[in-house]
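Keep in mind that the numbers below use all heavy atoms, side chains included, and drop hydrogens, waters and symmetry copies. Source: prediction; values computed, not measured. Sequence positions, counted from 1, serve as the residue numbers for this chain.
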Amino acid sequence: MPTSELSAADVLIAVRDIAETTTAREVPASALVAARSMLGVDAAVWMDVEGDEVTIQAVSGFLQPETHRSLRMSAHEGLIGMVLTQGEPVALLDYLRETSTPPSRRELLRREGVVSAAGVPVPGEGSRGVVVLISRTAREFAEAELRMAIGVAGIAQQLRDLRVEAERAAAATRFHRAVDALSLALLRGQSADVALEGTSDILGPRVRVAGLPTPGPAKHASDISEDATKPPLLHVPIPGAEQAQLAAEGGLPESALRTLAQVVGLDFARQRASMETEIRLTDQFVHSLLTADTDELSRLWSSSALLGMDMKVPRAVISISAKEPIGRPLLDRIVREMRSRTFSGQATTYKGAAFLLWPVSDQDAERKLPAQINELLVACRPHQVKAGLGPVCRGADDYPAAVKEAIFARQVAAFSSSGRNLVASKDLGMYRLFAHIGGVEALRGTVRETLGPLLEADAASGSDLTHTLRVYLERDRRIADTARALQVHVNTLRYRIERIGKLLKVDLDDPEARFFVTLALRLFPVVEEDAARAHLLDKG
């Protein structure tokens with residue numbers, strides 16, 4: 001439509017169409033549609049100046065899909081360079097002949113059928129942009145047409161500025177709401193992922209915690225992928241969390257994302273401090289129980305309150321050991337496994353072993369406990385861990401004795417040739433009494449002192465005197481029964497018994513001496529580290 005035929009109504013309609021846009025992003029596209037309608041051009045493009053480059057903000061009327069991609073071009077070449085240099089409109093009757101363009105873009109423009117073109121500066125403070133008008137036929141652009149294009153672009157730019165300002169104000173309001181909501185959700189104990197879901201609902205763009213593959217500055221979508229169909233991505237590190245970052249999908253400013261990352265980082269720090277405090281309090285609390293410190297025991301009730309631990313709930317003591325002293329990583333794994341089965345259990349390390357206080361609310365929970373502990377031990381593989389289950393404690397004064405029995409039961413599991421990973425002190429019968437008189441280490445010395453000469457003789461000559469003694473005592477010293485069980489002649493057995501008495505320097509007819517020898521034989525599989533020797537006692 002020639003400019004001379006334009007009416008005031010046409011101009012007002014064009015302005016109205018531009019004014020009806022709802023976002024700053026829509027304004028350039030609406031202005032191009034209005035310019036094409038008013039001036040009768042075939043296509044148009046709006047470009048913004050960014051330093052030494054211009055970027056396409058909107059296109060209208062182009063046929064080739066490549067033209068619609070977000071391209072960056074030099075601000076110093078071609079028609080755009082002329083407009084920006086002169087600060088005035090420039091019209092070219094034969095665009096491809098009168099400008100020098102790179103071969104790739106020249107071919108694209110040729111396929112678009114570009115013949116004539118005109119460029120006008122977008123009014124504003126400095127050269128803020130260029131609008132290019134395209135004709136697929138030879139056309140001379142009149143000065144009035146170019147002025148009309150400048151006017152449309154100027155109106156659009158003013159409206160765009162207003163939209164940007166309004167959007168910034170609305171975004172700032174939303175952002176403040178989002179920060180408040182995020183902070184409140186984190187303080188209420190929600191995880192960062194859950195809290196950020198509410199934040200995303202307020203902001204629009206999805207914000208989430210992700211792993212940080214490489215340290216460094218924020219990474220923009222253009223650095224990661226050229227797929228224009230994907231939403232733009234932005235990643236910033238979370239302060240104090242080396243292996244985590246905050247990622248946003250959508251148009252969220254980097255400064256806003258960094259602020260959110262600061263909030264999440266502060267919450268991570270708060271959780272770490274809380275966890276470290278809980279670990280420290282738990283260690284102090286459990287150590288007080290393990291050492292039976294009378295002064296500390298009197299303060300257990302306040303300590304348990306700080307940990308949210310109800311001392312009125314009965315708890316079983318469990319001692320766990322591995323080949324190496326248990327450190328924090330393995331303890332954390334044990335705690336995770338325990339917490340997946342009972343929420344309020346407590347744990348610490350003491351003298352290289354882990355100690356768990358496992359809540360046992362009723363008889364059914366106590367019945368299920370051994371199976372749960374065995375599951376925990378299996379889950380700790382490849383660590384070879386053994387456990388002792390002490391009795392259930394119903395008051396603070398019960399714990400010191402329970403700890404000794406749990407340790408003894410764990411040592412039984414560790415040294416016994418039975419292959420069991422878990423031994424409960426209640427299954428040891430009267431032998432659990434030995435937990436209170438020095439444990440396995442003390443018993444090993446006593447057993448060695450009692451049976452030592454016999455064990456040395458067997459080791460030196462390959463004899464079977466220890467096994468012979470056990471079978472003889474189990475059959476109440478009946479020579480014939482013992483000889484049949486061992487499949488030896490009675491005279492051979494008498495010779496062996498006589499030799500055993502001399503080696504041990506005991507009279508096996510003496511009930512008191514016989515009691516201690518029998519006890520040592522019973523304890524031998526429990527305290528003997530040499531499984532091969534322990535196996536000798538299992539023959540027959």
Evaluate the criterion side chain to side chain contact (heavy atoms under 4.5 Å, CB included) for residue pair Val209 and Leu246; output intermediate values, then yes/no. CA-CA 5 Å; Val209 176; Leu246 208 58; 4.0 Å; yes

Does Ile134 reach the side chain of Val41, with side-chain heavy atoms less than 4.5 Å apart? no

Would you say Glu140 has more than 12 foreign heavy atoms packed within less than 6.0 Å of its CD? no

Taking only Lys NZ, Arg NE, NH1 and NH2, and the carboxylate oxygens of Asp or Glu, determine whether Arg336 and Asp332 approach each other closer than 4.0 Å. no

Qualifying residues under side chain to side chain contact (heavy atoms under 4.5 Å, CB included), relative to Pro205, sequence neighbours excluded: Leu203, Leu252

With a 4.5 Å heavy-atom cut-off, do Ser319 and Val403 have their side chains touching? no

Taking every non-hydrogen atom, the tightest pair across Ala192 and Val264: CB-CG1, 4.3 Å

Check Val207 against Ser200 and note the closest heavy-atom contact, atom names and distance. N-OG, 2.8 Å

Nearest heavy-atom approach of Leu376 to Ile334 is CD1-O, 3.8 Å

Does Leu257 reach the side chain of Glu254, with side-chain heavy atoms less than 4.5 Å apart? no

Can you give the donor-acceptor pairs under 3.5 Å from side chains of residues 153-164 to other protein atoms, not counting sequence neighbours?
| from | atom 1 | to | atom 2 | distance (Å) |
| --- | --- | --- | --- | --- |
| Gln157 | OE1 | Arg160 | NH1 | 3.4 |
| Gln157 | NE2 | Asp161 | OD1 | 2.9 |
| Arg160 | NH1 | Asp48 | OD1 | 3.1 |
| Arg160 | NH1 | Asp48 | OD2 | 3.1 |
| Arg160 | NH2 | Asp48 | OD2 | 2.5 |
| Asp161 | OD1 | Arg128 | NH2 | 2.9 |
| Asp161 | OD2 | Arg128 | NH1 | 3.0 |
| Arg163 | NE | Thr21 | O | 3.0 |
| Arg163 | NH2 | Ala19 | O | 2.8 |
| Arg163 | NH2 | Thr21 | O | 2.5 |

Is there a side-chain contact between Leu182 and Leu196 in this structure, where contact means two heavy atoms from C-beta onward sitting under 4.5 Å apart? yes

Side chain to side chain contact (heavy atoms under 4.5 Å, CB included) assessment of Val179 paired with Ser183: CA-CA 6 Å; Val179 171; Ser183 302; 4.1 Å; yes

Before you tell me yes or no, could you show the steps for Leu389 and Trp358 under side chain to side chain contact (heavy atoms under 4.5 Å, CB included), namely the whole-Å CA-CA distance, both residues' side-chain angles and the distance that decides it to 0.1 Å? CA-CA 10 Å; Leu389 172 59; Trp358 196 298; over 6 Å; no

Note, Val59 side chain near Val45 side chain (heavy atom, < 4.5 Å): yes

How about Ile320 and Leu377: do any of their side-chain heavy atoms sit closer than 4.5 Å? yes

Has Arg25 got more than 12 heavy atoms of other residues, nucleotides or ligands less than 6.0 Å from its CZ? no

Contact check, side chains of Val33 and Asp17, non-hydrogen atoms, under 4.5 Å: no

So, do Glu112 and Arg136 sit near enough that their side-chain heavy atoms are less than 4.5 Å apart? yes

